[in-house]
Amino acid sequence: MHIKSIALSGILLFALAACSTTKAPQASDSAPPIATTEETRCLAEGGTWSRVGLLGNFVCVKPLADAGKACHDKSDCQGVCKAAPGAVPGTQTQGVCSATTHDHFGCYSTVEQGVVQSMLCID
């Protein structure tokens, strides 16, 4: 009988330990512990090593030289020619060149040939 009590106590302790609410650290919760060659190159070129998009992949985000410049089409920009928030699709407008190489995530309208395009969402 004493052995059954010890065995039952051991099983209960094991079961309780399995119910722990402490979250184990996830490899994807933070930046890689050792700088990669790609990350080092990114930082040397003035970029930032950041997570982007829905998947949160690490990429080099670099500022664009024409950020904030007035534009009428994507050919006027290094990145994307964005319409002002709330701009009505099909109307004539002037846009603004995107700020970074990865400034294309989220919801916005672009400007093509001076006309606001339908809103798109990119994750």
Side-chain angles (χ1 to χ4, degrees):
M1 175 102 168
H2 183 56
I3 293 176
K4 286 184 181 179
S5 295
I6 294 173
L8 183 58
S9 296
I11 291 171
L12 286 173
L13 283 173
F14 180 74
L16 287 174
C19 293
S20 172
T21 60
T22 303
K23 180 183 173 195
Q26 301 292 317
S28 62
D29 284 349
S30 61
I34 299 172
T36 63
T37 303
E38 189 176 354
E39 179 182 3
T40 302
R41 184 174 347 125
C42 171
L43 298 174
E45 294 173 356
T48 57
W49 194 243
S50 304
R51 289 183 180 273
V52 298
L54 186 62
L55 295 176
N57 294 324
F58 280 99
V59 297
C60 184
V61 178
K62 295 179 185 176
L64 297 173
D66 60 359
K69 177 185 124 185
C71 57
H72 290 92
D73 196 78
K74 60 186 173 187
S75 63
D76 297 334
C77 303
Q78 292 176 324
V80 179
C81 182
K82 290 185 171 183
V88 178
T91 60
Q92 292 284 326
T93 194
Q94 176 175 292
V96 176
C97 294
S98 55
T100 70
T101 54
H102 287 79
D103 196 20
H104 54 269
F105 289 105
C107 297
Y108 57 89
S109 295
T110 59
V111 178
E112 294 180 16
Q113 298 178 355
V115 178
V116 178
Q117 303 302 301
S118 295
M119 182 177 283
L120 54 111
C121 295
I122 301 175
D123 286 324

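- At least one donor-acceptor pair under 3.5 Å links the side chain of Thr101 to the backbone N or O of Lys62.
- The SG atom of Cys71 lies 11.0 Å from the CD atom of Glu112; values are rounded to the nearest 0.5 Å.
- Distance alone, capped at 3.5 Å, places no donor-acceptor pair between the Thr48 side chain and the Ser50 backbone.
- Looking only at side-chain heavy atoms (C-beta outward), Val61 and Trp49 stay at 4.5 Å or farther from each other.
- At least one donor-acceptor pair closer than 3.5 Å links the side chain of Gln117 to the backbone N or O of Val115.
- Shown here for Asp103 and Thr100, the closest heavy-atom pair between the two residues is N-OG1, 3.1 Å.
- Remark: the backbone N or O of Gln113 is paired with a side-chain donor or acceptor of Asp73 at under 3.5 angstrom.
- Of the possible polar contacts, none joining the Lys74 side chain to the Lys82 backbone as a donor-acceptor pair under 3.5 Å is found.
- The minimum heavy-atom distance between Gly47 and Cys60, with the atom names listed, is CA-SG, 4.2 Å.
- Contact check for Asp66 versus Cys97: side-chain heavy atoms found under the 4.5 Å cut-off.
- A heavy-atom distance below 4.5 Å is not found between the side chains of Phe58 and Glu38.
- Of all heavy-atom pairs between Val111 and Gly95, the closest is CG2-CA, 3.9 Å.
- In plain terms, the two heavy atoms of Ala83 and Ala87 that are nearest each other are CB-CB, 3.8 Å.
- Scanning for side-chain contact (heavy atoms from CB on, under 4.5 Å) contacts around Cys107 gives Met119, Cys121, with sequence neighbours left out.
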Determine, step by step, whether Val116 and Ser109 satisfy the side-chain contact (heavy atoms from CB on, under 4.5 Å) criterion, reporting the C-alpha distance in whole Å, the side-chain angles of both residues, the deciding distance to 0.1 Å, and the verdict.
CA-CA 7 Å; Val116 178; Ser109 295; 3.8 Å; yes
Evaluate the criterion side-chain contact (heavy atoms from CB on, under 4.5 Å) for residue pair Ser98 and Leu64; output intermediate values, then yes/no.
CA-CA 8 Å; Ser98 55; Leu64 297 173; 3.8 Å; yes
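- Checking side-chain atoms of Gln94 against main-chain N and O of His72 turns up no donor-acceptor pair under 3.5 Å.
- With a 4.5 Å cut-off on side-chain heavy atoms, Leu54 and Phe105 do not count as touching.
- Between His104 and His102, the angle of the ring planes lies from 30° to 60°, which puts this pair in the tilted group.
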